[in-house]
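These figures come from a predicted structure and were not determined experimentally.
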2 protein chains.
Amino acid sequence: MTKRPADSENASAPAARQVPMRDFSRSLPMLLLRAREAVMRQFRPSLREHGLTEQQWRILRALASIEAAEVTELARTAFLLGPSLSRILRDLEARNLIERKTAKADQRRSMVSISRDGVKLMASVAPSSEAIYAEITQRFGARKLAELQEMLGELERSLAAPGAADETTAEE
Amino acid sequence: MTKRPADSENASAPAARQVPMRDFSRSLPMLLLRAREAVMRQFRPSLREHGLTEQQWRILRALASIEAAEVTELARTAFLLGPSLSRILRDLEARNLIERKTAKADQRRSMVSISRDGVKLMASVAPSSEAIYAEITQRFGARKLAELQEMLGELERSLAAPGAADETTAEE
DNA sequence: CGCATTCACTTAACATGTTAAGTATCTCCG
DNA sequence: CGGAGATACTTAACATGTTAAGTGAATGCG
């Protein structure tokens, strides 16, 4: 699994490369990507059994926690772009997992809510989902996990909006 | 930016929901996603100016650090799936940023390497890229960044392969 | 040797990410 | 009130993510 054949060829590779650029596999974006993938890899099989993708699950979870929402608000909550959300909502509606109705006061807005079927589906996924989360917590350590979550939040906040300085000393 | 109109409608929403599921926006996958997006948002404009996507940049960086590589090895290094890599390599080759040649010893394998043009392009992007990284380091704090990187690596390792226990105390 | 299996990719097909353009509705100001 | 501009989506178009299937080249074993 770790060894590859044809390694005899490598003996003839040029030497070169003094500065390996500090191993780009340790760069922050790569570490975040890999960490997230490692986490999601735990969840995907269970979601898949229930016919849900990661994004669909995010939407249902978001809806379950906020009752009804406008599409724009839902996009913000589930961290999806409008076009992605638009497509996924179309599919979820066709599967009767959500419901939409145009807002009375503003014909442009549509209110989205989870349907009875959607609630049932969530109920059937939640147990295994929570078990997996618990397993992750146990493997990595609850204390460390909390720390990590805190740092991730801080990182996001420290990189938000302002173009230059940090927000605690923002002059606005 | 924070207030929404039409809130008067919400008064008629059913009460319900005792357990808000601990705000799913604070779940680990979501935090990782948001953090990564916050980071990449810093880099994308610069990459875009040079006509590169995030993935293309990953591939060039990977190639720059390992001279030549088989496609499979490159996929592992740049953390891309085979099909994505296949397509992107096709495009990068058409733009003369990389070169490929079939391995002498094994006709199935193809060796990919960065071209002279590719090296030049990297050289033109690297400065602003490093400046952005430095800016991030400064905003978040070098110390905290190092800690975060360490934790992300640990998280990934702790979730690797084994189906149940953690590897330090694994009973195999 | 011969042929089933494995291997290293590539293609295909479909979902999502991402930017730009389109559509209907609403707001506001003259 | 009426039309310019802003809003809330939706569509379109293209790149990537993701799984499955296809293709051609090595391997292994009888």
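Separating the CG atom of B:L52 from the C1' atom of D:dA15 is a distance of 14 Å, rounded to the nearest angstrom. Distance B:L33 CG to C:dT16 C1': 12 Å, rounded to the nearest Å. Between the CZ atom of B:R76 and the C1' atom of C:dC9 there is a distance of 16 Å, rounded to whole Å. A straight line from CZ of B:R58 to P of D:dT16 spans 10 Å, rounded to a whole angstrom. For B:Q107 and D:dT27, the CD to C1' distance is 16 Å, given to the nearest whole Å. Atom pair B:Q56:CD and D:dC14:C1' shows a separation of 12 Å (rounding to whole Å applied). Atom CD of A:E73 is separated from atom P of D:dT7 by 17 Å (rounded to the nearest Å).
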Practice prompt. Report the C-alpha distance between A:R58 and B:L33 in whole Å, list the side-chain angles of each, state the deciding distance to 0.1 Å, and finish with yes or no for side-chain contact (heavy atoms from CB on, under 4.5 Å).
Written response: CA-CA 12 Å; A:R58 286 220 298 275; B:L33 181 60; 3.7 Å; yes
Worksheet item: Run the side-chain contact (heavy atoms from CB on, under 4.5 Å) check on A:Q55 and A:L80 step by step: do they pass?
Response: CA-CA 8 Å; A:Q55 292 81 358; A:L80 291 168; 3.8 Å; yes
Practice prompt. Kindly indicate, with the supporting measurements, whether the criterion side-chain contact (heavy atoms from CB on, under 4.5 Å) is fulfilled by B:M122 and B:V119.
Written response: CA-CA 5 Å; B:M122 281 206 67; B:V119 171; 5.7 Å; no
Worksheet item: Under the salt bridge (charged side-chain N to carboxylate O under 4.0 Å, His left out) criterion, do B:E37 and B:R44 qualify, and how do the steps go?
Response: CA-CA 10 Å; B:E37 178 53 29; B:R44 264 190 271 267; 2.7 Å; yes
Discussion item. Walk me through whether B:K101 and B:S110 qualify under side-chain contact (heavy atoms from CB on, under 4.5 Å).
Written reply: CA-CA 6 Å; B:K101 53 176 182 161; B:S110 80; over 6 Å; no
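Listed for the A:Y133 side chain is no donor-acceptor partner under 3.5 Å among the backbone atoms of A:S128. For the pair A:Q42 (side chain) and A:A38 (backbone), a donor-acceptor distance under 3.5 Å is present.
Nearest heavy atoms, A:A103 versus A:M111: CB-CG, 4.3 Å.
Listed by residue number, the members of residues 37-51 of chain B with any heavy atom below 4.0 angstrom from DNA chain C are B:R44, B:R48. Sorted by residue number, the members of residues 79-99 of chain B with any non-hydrogen atom under 4.0 Å from DNA chain C read B:P83, B:S86, B:R87.
Between A:Q55 and C:dG17 there is a side-chain N or O to OP1 or OP2 distance below 4.0 Å.
Distance from the side chain of B:R109 is smallest to C:dA8 among D:dA6, C:dA8, D:dA15. Distances were taken from every side-chain heavy atom of A:T53 (C-beta onward) to each of C:dA15, D:dA6, D:dC9; the shortest belongs to C:dA15.
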Using distance only, find each side-chain donor-acceptor pair of residues 88-96 of chain B under 3.5 Å and give its atom names and separation, not counting sequence neighbours.
from	atom 1	to	atom 2	distance (Å)
B:E93	OE1	B:R100	NH1	3.4
B:R95	NH1	B:G51	O	3.4
B:R95	NH2	B:G51	O	3.0

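Side-chain atoms of A:R108 and base atoms of D:dC9 include no donor and acceptor less than 3.5 Å apart.
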